[in-house]
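Here the structure is laid out as structure tokens; the discussion comes afterwards.
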Amino acid sequence: MYTETSRLRRALIAAGWILLLAVGLMDAFAGRSMHYRWTSWLPVVSGPLACAALLWPGRRPSTQVRAALAAGCSLALTVGIGVFAGVNGAGTWGFLEGVVLLVLLSRAVRAVSRPGIAVAVSAALAVAVIAIPLRWLPMDIRYDGQASITGSLLMTLGVGLALAWGLRARLLEEQRARDIAAVRQRQRLELAHDLHDFVAHHVTGMIVQANAALALQHTVRIGDAGLDAPSGAGPARGRPRGRAAR
């Protein structure tokens with residue numbers, strides 16, 4: 001069972017790596033128009049940075065810190081593009097950034113222990129993901145397009161799926177923790193019951209042995225008193241005989 005679970009986990013991790021690599025290559029080799037200057041190459045930078053927040057080795061910084069940093073940077077980038085790029089905002093976001101933020105959202109819902117912090121971080125990530133396509137909004141307003149609205153709706157669907165997946169994993173983990181706690185409590189109660197029976201049995205035996213020893217001691221004292229009585233009465237009976245002899 002453990003081997004099958006480990007193999008499934010490794011297979012899912014490998015599939016995740018392949019997916020991220022494919023999406024990253026899609027962003028890197030997508031057509032980049034020189035008309036949009038530096039904004040056209042933002043996905044080549046923002047996507048790997050988001051991946052670094054997701055795949056950072058070690059437990060430090062924590063998941064909530066990495067998720068908050070990724071959400072803040074994405075929102076700041078969206079606002080900056082809206083302010084400085086304007087209608088030249090086409091090509092300013094790629095699929096890798098959105099996919100990584102969705103994975104971070106699911107992980108934050110599942111892994112952040114404090115509910116208040118989990119809700120805050122998840123809300124920030126959700127807003128960041130939904131706002132990514134709005135980098136096209138100035139261009140849609142100018143050319144009467146709907147790409148940004150459509151993209152935001154699709155991202156909203158992705159946010160809902162990520163939240164559902166993370167919440168499901170969190171509930172399963174909490175149920176598993178409750179089951180483990182219940183099993184441990186039951187084992188403690190069984191151990192306490194067995195220990196109570198063991199101690200009660202031995203204490204009862206010790207009390208019986210002590211009572212038997214007291215009864216035996218009392219019997220011995222009575223016997224000693226019976227043995228001492230004739231030796232004390234002998235001289236009293238012998239004295240009248242001596243006087244009579246005189």
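- The side-chain contact (heavy atoms from CB on, under 4.5 Å) check on I207 picks up V203, N211, with sequence neighbours excluded.
- Partners of R176 according to the salt bridge (Lys or Arg N to Asp or Glu O under 4.0 Å) rule, which considers only residues two or more places apart in sequence or in another chain, are E173.
- Scored by the salt bridge (Lys or Arg N to Asp or Glu O under 4.0 Å) test, R170 finds E174 as partners (sequence neighbours excluded).
- With sequence neighbours excluded, no residue forms a side chain to side chain donor-acceptor pair (under 3.5 Å) with D144.
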Which side-chain N or O atoms in residues 100-120 pair as donor and acceptor under 3.5 Å with protein atoms at least two apart or in another chain?
from	atom 1	to	atom 2	distance (Å)
R107	NH1	L54	O	3.2

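- Its side chain within the 4.5 Å cluster rule, L69 clusters with V65 among the Ile, Leu, Val, Met, Phe, Trp and Tyr residues.
- Take S148 and apply the side chain to side chain donor-acceptor pair (under 3.5 Å) test, not counting sequence neighbours, and it matches D140.
- Pairs passing the side-chain hydrogen bond (donor to acceptor under 3.5 Å, both in side chains) check and including a residue from residues 67-81, sequence neighbours excluded, read S74-E97, T78-R135.
- Here L154 is tied to no hydrophobic group at all, with no ILVMFWY side chain closer than 4.5 Å.
- Members clustered with V127: L75, by chain and number, using a 4.5 Å side-chain heavy-atom cutoff among hydrophobic residues.
- Judged as a side-chain hydrogen bond (donor to acceptor under 3.5 Å, both in side chains), not a single pair has a partner in residues 115-131 (not counting sequence neighbours).
- Applying the side-chain contact (heavy atoms from CB on, under 4.5 Å) criterion to Q146, with sequence neighbours excluded, gives T150.
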